[in-house]
Amino acid sequence: MTDRTAETAYDPQAVEAKWRARWAERRTNEPDLDRPAAPFYNLMMFPYPSAEGLHVGNMFAFTGADVYGRYQRLRGRTVFEPIGYDAFGIHSENYALRIGEHPGVVIPRNIANFRRQLERVGGMFDWRHTVDTTDPAYYKWTQWIFLELYKAGKAFKKKAAVNWCPNDKTVLANEQVEGGRCERCGALVEQRVLEQWFFRITDYAGRLLDNLDGLDWSDTTRTAQRNWIGRSDGAEVGFAVAGSTVRVYTTRPDTIFGATFLVLAPEHPLVDAITVPGQRAAVDAYRRTALATDVVSRRSGDRQKTGVPTGATAINPATGRPIPVWVADYVLMEYGTGAIMAVPGHDERDFEFATKYALPIVRVIAEGGSPRPAAFAAEPEATPSAAYTGGGRMVNSGEFDGLDVEAAKTRVTAWLESQGAGEGKTLYRLHDWCVSRQRYWGPPIPIIYCDHCGPQPVPERDLPVLLPPVEDFRPDDSGVSPLARHKEWYHVPCPACGREGRRETDVSDTFLDSAWYFLRYPSVGLDDRPFDPARTRRWLPVTSYIGGNEHAVLHLLYSRFIMMVLHELGHVEFEEPFTRFRAHGMIVKDGAKMSKTKGNIVVPDEYIAKWGADTFRTYLMFLGPLTDGGDFRDDGISGPRRFLDKLWSLVGEVAAAEGGASGPTASTAGRGGPPSAALTAKWHRAKMRATEGMEELRYNTSIAAVMELLNAVREEGCHHRALVEELVLLVAPVAPHFAEECWERLGHQGSVFDARWPAFDAALAVDDSLEVVVQVNGKTRSRITIDRSAAEPEVVAAALADPGVQRHLDGKAPKKTIYVPGRLVNLVV
RNA sequence: ACCCGAGUGGCGGAAUGGCAGACGCAGCGGACUCAAAAUCCGCCGGGGGGCGACCCCCGUGUGGGUUCGACUCCCACCUCGGGUACCA
């Protein structure tokens, strides 16, 4: 015996270190971006580089995407798999404030740690093409995109209500307000009206909605986007009030005969004009209170509704009757016209309000299919106990009585139009995207204000507008960004007239950074352009995008919007950036999302140190379908390790048997012969199942199929080389370093990822003889073995002859026989 | 409240109209060992019957339905997770 036959134990640390170095040295993961044979852009959502490092949930997500990329590569695609860092934003800034360091110091440190972890876990990342959103070489082009939108009229400034914490002296995002209080200091949050930059995403609402139908995305994600865009079909109707007209929006024009009062939002511009003198004091007081209330709690639906009458009267254009006009903050100025017609009989909110203030409630829809106006007409006199929001037929509605609700919507709208009282209108819930932040840690918005020329875009040659390295980046109570305190930076000549100008001091939203990073990846390093046209044409749209469903709405929607605008401006040829999107599940710990505040973060490093990255990857992917996620517990990790150990030994045995010229004995060599017919069938079945699992992101079933095959191979003692090589290929996506090492031990020179994913023959995946289940009245009573070629009559005859079946037939002949070829016979007696 | 998703052994899960519990973890029994670890072999949803090969009954959150046949499809409900939150 030579040394070659000696069993070497699997040492993951050594194997993984070796292949990490080998990949870097051989440039294994660096595809030719200019001449790709079959490009496959494998994208995963880039992380925010927190101080805690990547936790198990991140590893689960990245590994899941990486496995898919590696699988595609084995299928012969030229896979580009980049990664980067979403490093601007309030998260980083707040963390830096808390520990008293500058984000410019903290972030690079975190990034270094992230990169170490990402390399350690074995991602197939192309490190030539990494993106850091805080790098001026990147945000130069984020600013360029802002200006493209600005020049196209898609970026504009307007006043908007924001949450203001008087203690922290800062604007708070809606998520930072809890129960009307600042989540950090507990102070009561106020509403402040500030000038903000917005993007006109609402111009694209219809297209953003319609395009969803053609995308290969998870249904959950598409549904979330649809709900967010929130299309409503209805009508805008004018109500005459004190010499002017109040326009309201409704999705229920059919209920207009039941509109018993109008409600205006406190901010509505007509409130002053219509309020009668006697009510002015009450209305003014109410408006002041409403304006002071923070945005979040004002919008909370659980709150008791409040309001005041204006004393004015409107004319219901359908009934011609006068109805009172109220002001109440349950009506929002941002949606529709900021005024509603209240139909308490058929709207829960209006019902609640009408009940509280003793306003009239009139039913105009009768539940049920048949018109029963007479029966229903009596009811308005009684006190209704709730709003009726279901379908039915019109009552108390003049000429429309008896019509079905759906038909009435169209008919009433047409009638209003003919009367000049209103018109059909489609609205979207989607708001324009507020992109400005009165903060420090972001890309400065590249606008210069000039008293003579107005706002001027920073000329492209002057980009990037560098974020100045100010020491005191804490927000103050001025409501403007800390950048305003940096005088040398703030004062700048006007690019148009050269006279004194001032920089915009707001920075842009982090979501803008992440709305185009995938467009930058292929062109990283080309510093004179944001994205190279040729590269972009080759690589985009993204072939596969995998990420968390927490970004299902904002990030994906904003990215789609930005691409739509760039497309419209002729910068990119596509409109939709992500051909296929799948949301991975979330890994939780003890039922809760992993977070530092909950103290339940599981750090992957220790598991990788103990078990190796490949075992850890296999374990994570074996937990369940990628789309499911789950509760993290580490008690099963030894299973995947044992699996790899067994495959390792098998590879060693095969290599040893063939390797030493003097070594192998006749008996060892004989085991290298072809597998039995039964094992051959299992082999092909395993390949089939493994392939399906990869395609559907159900890697757990792929791994299970390979485990089963390995067990069968070991049981038979088979050392057939082709079979063992394919076992290695089948685990390669989940256990890449391991597979490389095995591939080399089997005598191959190059990377296992330059080999091909095993093909299967569906015809070979079936045994010559099959086991068919025999049921009597749907209950399994026996199993019979038949030849694969057996036809129905033979199988049924065999089933009837089976003693176990006869016992349950009680001598009766079956009334009906169902035969599912190759699977089952059901005898109904 | 509304929208989406999920409920299957002790645990992670498999089976998407055709043998429920694949694969793995944990557990139990055995082999090897002075011993332990590792490894290997066997058992492993519950109940009942048989010396035994085996056989019977129950079982996929609850209640109904469709079907020869339902974890799978339909209706209603319960529980958990996620998202949205007065959008007229």
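We name chains A, B, ... by the order of the sequence lines, and we start the count at 1 in each one. Quick caveat, the model's predicted, so the values are computed rather than measured.
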Is it the case that the ring center of A:F353 lies less than 6.0 angstrom away from the ring center of A:Y330?
yes
Rounded distance (Å) that lies between atom C1' of B:G18 and atom OH of A:Y819
12 Å
Expressed in angstrom and rounded to an integer, what is the separation of A:R823 atom CZ from B:C19 atom P?
7 Å
Of A:R642 and A:G778, the one whose closest RNA chain B nucleotide lies more 5'
A:R642
Using heavy-atom distances to pick each residue's nearest nucleotide on RNA chain B, tell me which of A:A339 and A:I703 is more 5'.
A:I703
Taking the basic N atoms (NZ, or NE/NH1/NH2) and the acidic carboxylate oxygens, is any pair closer than 4.0 Å for A:D350 and A:K305?
no
Should the pair A:K682-A:E715 be classified as a salt bridge under the 4.0 Å nitrogen-to-oxygen rule?
no
Counterpart residues, ring pair (Phe, Tyr, Trp, His ring centres under 6.0 Å), relative to A:F616 (two or more places apart)
A:Y607
Identify, with sequence neighbours excluded, every residue that meets ring pair (Phe, Tyr, Trp, His ring centres under 6.0 Å) alongside A:F511.
A:Y558
Out of B:C57, B:G24, B:A88, which nucleotide sits closest to the side chain of A:R781?
B:C57
Taking pairs as Watson-Crick (N1-N3 plus N6-O4 or O6-N4) or G-U wobble (N1-O2 and O6-N3), each distance under 3.5 Å, the stems of three or more consecutive pairs with RNA chain B are B:1-7 with B:78-84, B:10-12 with B:23-25, B:27-31 with B:39-43, B:45-49 with B:54-58, B:61-65 with B:73-77
Quick check with a 6.0 Å cut-off and a 45 degree axis cone: is A:K158 positioned over the face of A:F198's six-membered ring?
yes
